[in-house]
J.: 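Sharing a structure, written as structure tokens. Questions coming.
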Protein chains: 2
Amino acid sequence: MITQNKTTDTDNCNYICPVEATLDVIGGKWKPLILWQLKDDILRFNSLQQTLPGISPKMLTKQLRELEEDGIVKREMYPEIPPRVEYSLTDFGRTIIPVLEALAQWGIEYMDQKDTMK
Amino acid sequence: MITQNKTTDTDNCNYICPVEATLDVIGGKWKPLILWQLKDDILRFNSLQQTLPGISPKMLTKQLRELEEDGIVKREMYPEIPPRVEYSLTDFGRTIIPVLEALAQWGIEYMDQKDTMK
DNA sequence: CGGGATCCGACTTGATACTG
DNA sequence: CAGTATCAAGTCGGATCCCG
């Protein structure tokens with residue numbers, strides 16, 4: 001984590017628990033949101049930025065590059081004028097959707113729980 | 001993360017996607033590890049610290065307090081000399097175990113995948 | 001349009017020492 | 001044993017400007 005995020009390959013290469021490995025990939029402030037947006041759609045850079053309130057282009061680029069390196073996201077560039085770049089999940093990236101949905105499911109229950117506590 | 005971790009209650013109170021809510025609770029560098037350790041055991045402060053390589057007492061305290069506030073972890077103090085404090089998951093905390101296991105499962109597959117890519 | 005480069009502050013985290 | 005206090009270091013992320 002979470003970020004806080006990317007454990008480098010040089011420090012202890014095997015994680016204590018594999019949960020860490022997953023959170024290194026999908027954790028952080030923006031990645032879950034990006035993945036959530038790409039779950040059902042292919043999106044361009046600008047569209048992505050608009051769905052993510054307040055993200056700076058720098059951050060968006062950085063997160064997308066990391067997701068790309070991890071084999072989760074595919075970046076397709078069309079050399080037109082003006083340029084167009086589309087982002088989508090790779091097949092491997094799609095394997096994480098159920099995990100995201102499990103997280104979402106629990107999040108919903110958790111928020112309900114917090115509401116009833118008020 | 002997951003931290004970079006705790007989204008304050010003041011900024012937009014409803015998340016874009018509930019995945020965020022979950023990662024606010026279990027994300028970050030240490031929390032998944034702590035939860036993983038408490039999954040099957042009740043542990044004392046020192047035992048926890050020993051299973052988490054390199055965590056400082058300050059960090060451990062902080063993470064445990066946050067988990068406690070979120071209703072995930074129970075802190076039980078025995079006023080003995082020397083003092084003894086035991087940490088365990090609450091019933092609500094246990095509901096997150098399947099989510100952790102889903103994360104772990106994917107993490108294992110992800111690490112395999114990365115190995116074969118080398 | 002889709003970024004890269006640079007700068008900078010705020011917040012997180014770590015190391016170390018100390019205490020009831 | 002189970003922390004707190006203090007200080008230093010690191011990281012994250014935003015702002016701004018620029019380019020092909």
Side-chain angles (χ1 to χ4, degrees), chain A residues 1-8 10-12 20 23-24 26-34 37-38 42-69 73-88, chain B residues 1-12 20 23-34 37-38 42-69 73-88:
Chain A
M1 249 201 230
I2 197 288
T3 192
Q4 78 290 301
N5 195 351
K6 199 75 181 179
T7 305
T8 64
T10 47
D11 55 291
N12 67 343
E20 273 191 283
L23 288 180
D24 265 1
I26 66 160
K29 183 174 177 184
W30 297 110
K31 283 179 188 169
L33 269 46
I34 294 173
Q37 299 298 335
L38 291 178
I42 298 174
L43 290 174
R44 306 178 55 164
F45 190 88
N46 261 15
S47 314
L48 261 175
Q49 191 176 3
Q50 284 160 21
T51 62
L52 306 171
I55 192 172
S56 67
K58 180 181 95 174
M59 266 303 117
L60 183 52
T61 302
K62 192 181 156 215
Q63 307 300 311
L64 285 170
R65 291 286 182 278
E66 289 178 9
L67 289 170
E68 209 187 334
E69 270 182 44
V73 158
K74 188 174 70 182
R75 177 176 188 269
E76 192 126 22
M77 208 176 104
Y78 301 88
E80 309 165 352
I81 307 284
R84 179 162 59 104
V85 180
E86 289 182 347
Y87 292 93
S88 58
Chain B
M1 128 54 356
I2 90 271
T3 332
Q4 84 220 28
N5 193 351
K6 200 74 180 179
T7 305
T8 64
D9 291 337
T10 48
D11 54 295
N12 66 344
E20 273 192 283
L23 288 180
D24 266 1
V25 176
I26 65 161
K29 182 172 178 184
W30 297 111
K31 284 179 187 169
L33 269 47
I34 294 173
Q37 298 299 333
L38 291 178
I42 299 173
L43 291 173
R44 307 176 55 161
F45 190 88
N46 260 16
S47 315
L48 263 174
Q49 190 175 3
Q50 283 160 22
T51 62
L52 306 172
I55 192 172
S56 67
K58 183 179 90 177
M59 264 303 116
L60 183 52
T61 301
K62 192 185 156 213
Q63 306 299 313
L64 285 170
R65 292 283 185 280
E66 289 178 9
L67 289 169
E68 209 188 334
E69 270 183 44
V73 158
K74 188 174 71 182
R75 176 176 188 270
E76 190 126 24
M77 207 176 104
Y78 302 88
E80 309 166 352
I81 307 284
R84 179 162 58 103
V85 180
E86 290 182 346
Y87 292 93
S88 57

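Quick note on labels: first sequence line is chain A, next is B, and so on, each numbered from 1. Predicted model, so just to flag it, every value in this text is computed and none were measured.
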J.: Can you measure from CG (Leu48(B)) to OG1 (Thr61(B)) and round to the nearest 0.5 angstrom?
T.: 10.5 Å
J.: CD of Gln50(B) versus C1' of dG3(D): gap in Å, rounded?
T.: 15 Å
J.: Would you indicate, yes or no, if dG3(D) has its OP1 or OP2 atom less than 4.0 angstrom from a side-chain nitrogen or oxygen of Arg65(B)?
T.: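 Answer is yes, contact under 4.0 Å.
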J.: With respect to the phosphate group of dC1(C), does any side-chain polar atom (N or O) of Arg44(A) fall under 4.0 Å of OP1 or OP2?
T.: no
J.: In whole angstroms, how far is the C1' atom of dG3(C) from the CD1 atom of Ile81(A)?
T.: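 Spelled out: CD1 on Ile81(A) to C1' on dG3(C) is 14 Å.
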J.: Taking only the side-chain heavy atoms of Pro57(B) (C-beta and beyond), determine which of dG3(C), dG3(D), dA15(C) contains the nearest atom.
T.: dG3(D)
J.: Quick one: does Lys62(A) reach the base of dG13(D) with a side-chain donor-acceptor pair under 3.5 Å?
T.: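 Checked by distance alone, the answer is no.
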J.: Kindly point out which of dA5(D), dG3(D), dG3(C) is positioned nearest to the side chain of Lys58(B)?
T.: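 Nucleotide nearest to Lys58(B)'s side chain: dA5(D).
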J.: From CE of Met59(A) over to C1' of dG3(C), roughly how many Å is that when rounded to an integer?
T.: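 Nearest whole value for this atom pair: 14 Å.
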J.: Report yes if a side-chain nitrogen or oxygen of Lys29(B) is closer than 4.0 Å to either non-bridging phosphate oxygen (OP1 or OP2) of dG14(C); otherwise report no.
T.: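 For dG14(C), OP1 or OP2 has a side-chain N or O of Lys29(B) closer than 4.0 Å.
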J.: Look at the side chain of Asn46(B) and decide which nucleotide, out of dC1(D), dG2(C), dG3(D), has an atom nearest to it.
T.: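 Of all the options, the side chain of Asn46(B) is nearest to dC1(D).
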J.: Less than 4.5 Å apart, any side-chain heavy atom of Pro57(A) and any of Gln49(A)?
T.: yes
J.: Using atom CG of Leu52(B) as one end and atom P of dT13(C) as the other, report the distance to the nearest whole Å.
T.: 14 Å
J.: What is the distance, to the nearest angstrom, from the CG atom on Leu48(A) to the P atom on dG2(C)?
T.: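 Nearest whole value for this atom pair: 10 Å.
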J.: Measuring from Leu67(A):CG to Lys74(A):NZ, what's the distance to the nearest 0.5 Å?
T.: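 Leu67(A) atom CG to Lys74(A) atom NZ measures 15.0 Å (nearest 0.5 Å).
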J.: Send over the distance from Glu86(B) CD to dA2(D) P, rounded to a whole Å.
T.: 9 Å
J.: Taking CD from Gln49(A) and C1' from dG2(C), how many angstroms apart are they, rounded to a whole number?
T.: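 Whole-Å distance recorded here is 10 Å.
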J.: Counting only side-chain nitrogens and oxygens, does Tyr87(B) get under 4.0 Å of the OP1 or OP2 atom of dC1(D)?
T.: no
J.: Please give, in whole Å, the distance from dT13(C) P to Ile55(B) CD1?
T.: 10 Å
J.: Of the nucleotides dG14(C), dC1(C), dG3(D), which has the atom closest to the Thr61(B) side chain?
T.: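 Nearest to the side-chain atoms of Thr61(B), counting from C-beta on, is dG3(D).
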J.: Can a side chain N or O of Arg84(A) be found less than 4.0 Å away from OP1 or OP2 on dG3(C)?
T.: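 So the side chain of Arg84(A) is outside the cut-off, no N or O lying under 4.0 Å from OP1 or OP2 of dG3(C).
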J.: Would you call Met59(B) and Lys29(B) a side-chain contact if the rule is heavy atoms closer than 4.5 Å?
T.: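 No, their side chains stay 4.5 Å or more apart.
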J.: Does some side-chain heavy atom of Leu52(B) sit less than 4.5 Å from a side-chain heavy atom of Gln37(B)?
T.: yes
